[in-house]
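Step one of this worksheet: look at the structure below.
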Amino acid sequence: MADHPSNTTNTTNSSDIPGGRPVRTRYAPSPTGFHHIGNYRTALFEWLTARHAGGRFVLRVEDTDRKRFVPGSIEAMVEGLHWLGLDWEGPDVGGAYGPYLQSERLDSYRDYAEKLIAQGDAYRCYCTEERLAEMRAEQEARKEPTHYDRRCRYLTPEERAANEAAGMPSVVRFAAPLEGTTTYHDFLRGDITFDNTTIDDMILLKSDGYPTYNFANIIDDHLMDISHVIRGEEYISSAPRYAQVYRAFGWEEPVVVHVPLVLAPDRTKLAKRHGALPLLEYRDLGYLPEAICNFLLLLGWSYDGERELFTLDEMVQVFDDRRLGTSPAIFDKGRLDWFNGVYIRKMTPKQLTDAALPFLLAGLPEEARALAASDRAYVTQVLLLDQERLKTLRDAPELAGFFFVEQPEYEASLLLGKNMDAARAIETLDQLLPVLAEQRDWEHDALLRTLDTFVTSHGFIRKKADGTEAPDRGPVFMLVRVGVSGRKETPGLPEMLATLGKDRVLKRLRAARTKLETLATQTAG
RNA sequence: GGCGCAUUCGUCUAGCGGCCUAGGACAUCGCCCUCUCAAGGCGAAGAUCACGGGUUCGAAUCCCGUAUGCGCUACCA
């Protein structure tokens, strides 16, 4: 991964950056659990926006909800982001705008809240949660929209002083405009206008002294010089309230981009059970970060509707915010699998071995592990044979396990086919075994020649549709295939034999013959 | 309920007034290749562009309604 800003020679992109300030984007997750693919897709978009413009991507942890804090979630997030190949300015790497944990920035939120109170744009509210609940219940009973009734906004200075003197706990609320409308500009959707009567006096500071997300997010985006706020569309309705606060401070508003949600196949919000696992589980399932990124890139973004394969560097080159979509996308695992296969097929032998070996070792039976662990050249050869068949790295033990075991286990009947009963199979092996034992040149071309000669000289002939006859590799090849692998689906036979080596092949075919004899006896008896 | 956003093949999407009898990809099906499975090649099927009105010589594209989905409506983010 490149650590330097990529050369942005793209001349057609004028989207980046109305206002011309340095591009800084941020991913602002809350450590309240594990983040799924949809969250990381947003992070990808943010990272690409920054990188494309030669700007910076910031990781800021929104740990303002002490009740929902989940230990370990920050670490998992960082690990996930790293795994995808992103880099950033943030809590673990530092930067000029730290600290990057909101829990370490509490003083500044208080200061700014005080400032708003001083200028009349915020006020302390002493209403208890019980009263608020009661108030809401009444509003609902009257079928009114539920809103804070702003009682504390109109407290007299004397009442206020009395509450303070009594030591009543309070929150700080924004004194939102009561009339008119608030319009903000959504980069993708244009101006969005809300009637101010529908906007509540939101809480800025909670009674525990922590800011709400709604407040901290504004303060930090400003303090960290965030130029582009990219976030999920669930924030569309909150955006006007943020705009009001920016305006109360007289601050420049960032470019606001709301990206659509990623939905489950049943069109509901993505949840664990839909296969929307925590990102790192995809790693453990054998997915490649390149494939995940590419898949994510095209969920809600398109280049031209035709091209769909992009490396991270290429994404940085071509990414353009304006091509972001506005409607929700459904998580399609089948498509992810396809991307993963594509990227597996692109791997060099070394990359493939490095990536797949751990999965091989983890999935192989005990007795087979030593060989896989000790003979890397053999592992590479094997992996190469199955490269185009791997949908995930985790498929490796299943597909290639037989290369490493002492003897494959399988039902003897698997050796039989439509032109191959037990008797003929035994006969065939008896004839073939000596031929293979004699085989000196144990590589693909020579083996194929030998096998073909065997096929034609032992009467394996099939009739073609036009009535002419042709050699029929099928019965013999399949017999050997199963005998040597225990499977009906394998890489091509000659290359498989070449890789297995003469000793293993002969040993396995002899074992197959024994199986067939047992089978024949049983059937006869 | 209120407010907001969205709506093109099963899925991801292209499309920004005429090039669209709507293009690409995944998945599906068929054929080819072929020792199996893949991969690859070729092809098929699949979208009355949610619906209804407008605007226009002309609309998937612009406007207005309706429907549906989703989001917000917390001292969550």
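Keep in mind that the numbers below use all heavy atoms, side chains included, and drop hydrogens, waters and symmetry copies. Computed from a prediction, not measured in an experiment: that's the story for all the values here. Letters A, B, ... mirror the listed sequences (proteins, then strands); counts begin at 1.
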Can a side chain N or O of [X] be found less than 4.0 Å away from OP1 or OP2 on [N]?
| X | N | value |
| --- | --- | --- |
| A:Arg335 | B:rC26 | no |
| A:Ser302 | B:rA14 | yes |
| A:Lys206 | B:rC76 | yes |
| A:Ser237 | B:rC70 | no |
| A:Lys488 | B:rC37 | no |
| A:Thr64 | B:rA77 | yes |
| A:Lys333 | B:rG10 | no |
| A:Arg323 | B:rC16 | no |

Let's test this: given Watson-Crick or G-U wobble pairing with both distances under 3.5 Å, identify the partner of B:rG65.
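Here B:rG65 is engaged in a pair, and the nucleotide opposite it is B:rC51.
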With both distances under 3.5 angstrom, what nucleotide forms a Watson-Crick or G-U wobble pair with B:rU28?
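For B:rU28, the partner nucleotide comes out as B:rA44, under the 3.5 Å rule.
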Need one value for A:Ser30: base, sugar-phosphate or nothing, where a base atom within 4.0 Å counts as base even if backbone is also close, heavy atoms only.
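Sugar-phosphate contact only - A:Ser30 comes under 4.0 Å of backbone atoms but never of a base.
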Assign A:Leu261 to base, sugar-phosphate, or nothing according to its heavy-atom contacts below 4.0 angstrom with the strands shown.
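The residue A:Leu261 makes sugar-phosphate contact but no base contact.
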Under 3.5 Å, is there a donor-acceptor pair linking the side chains of A:Tyr126 and A:Glu164?
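Judged by distance alone, the side chains do pair up.
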Between the base of B:rC35 and the side chain of A:Arg481, is there any donor-acceptor pair under 3.5 Å?
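Looking at the base of B:rC35, it does pair with a donor or acceptor on the side chain of A:Arg481 (distance under 3.5 Å).
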Can you tell me whether the side chain of A:Tyr235 and the base of B:rA77 have a donor-acceptor pair closer than 3.5 Å?
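Looking at the base of B:rA77, it does pair with a donor or acceptor on the side chain of A:Tyr235 (distance under 3.5 Å).
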Charged N to carboxylate O under 4.0 angstrom, A:Arg60 versus A:Asp221?
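Salt bridge: yes.
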Look at the rings of A:Phe45 and A:Phe319 and say which category their plane angle falls in: under 30° parallel, 30 to 60° tilted, over 60° perpendicular.
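The rings of A:Phe45 and A:Phe319 lie parallel, inter-plane angle below 30°.
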Side chain of A:Leu299 only, please: which of B:rC12, B:rC75, B:rC37 is the nearest?
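In terms of side-chain proximity for A:Leu299, the closest of B:rC12, B:rC75, B:rC37 is B:rC12.
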Only distances under 3.5 Å count here; give the side-chain donor-acceptor pairs of residues 470-485 of chain A to other protein atoms, sequence neighbours excluded, each with its distance to 0.1 Å.
residue: A:Asp472; atom: OD1; partner: A:Gly474; partner atom: N; Å: 3.4
residue: A:Arg473; atom: NE; partner: A:Asp452; partner atom: OD1; Å: 2.7
residue: A:Arg473; atom: NH2; partner: A:Asp452; partner atom: OD1; Å: 3.4
residue: A:Arg473; atom: NH2; partner: A:Asp452; partner atom: OD2; Å: 2.7
residue: A:Arg481; atom: NE; partner: A:Thr490; partner atom: OG1; Å: 2.8
residue: A:Ser485; atom: OG; partner: A:Arg481; partner atom: O; Å: 2.7
residue: A:Ser485; atom: OG; partner: A:Arg487; partner atom: N; Å: 3.0
residue: A:Ser485; atom: OG; partner: A:Arg487; partner atom: O; Å: 3.2

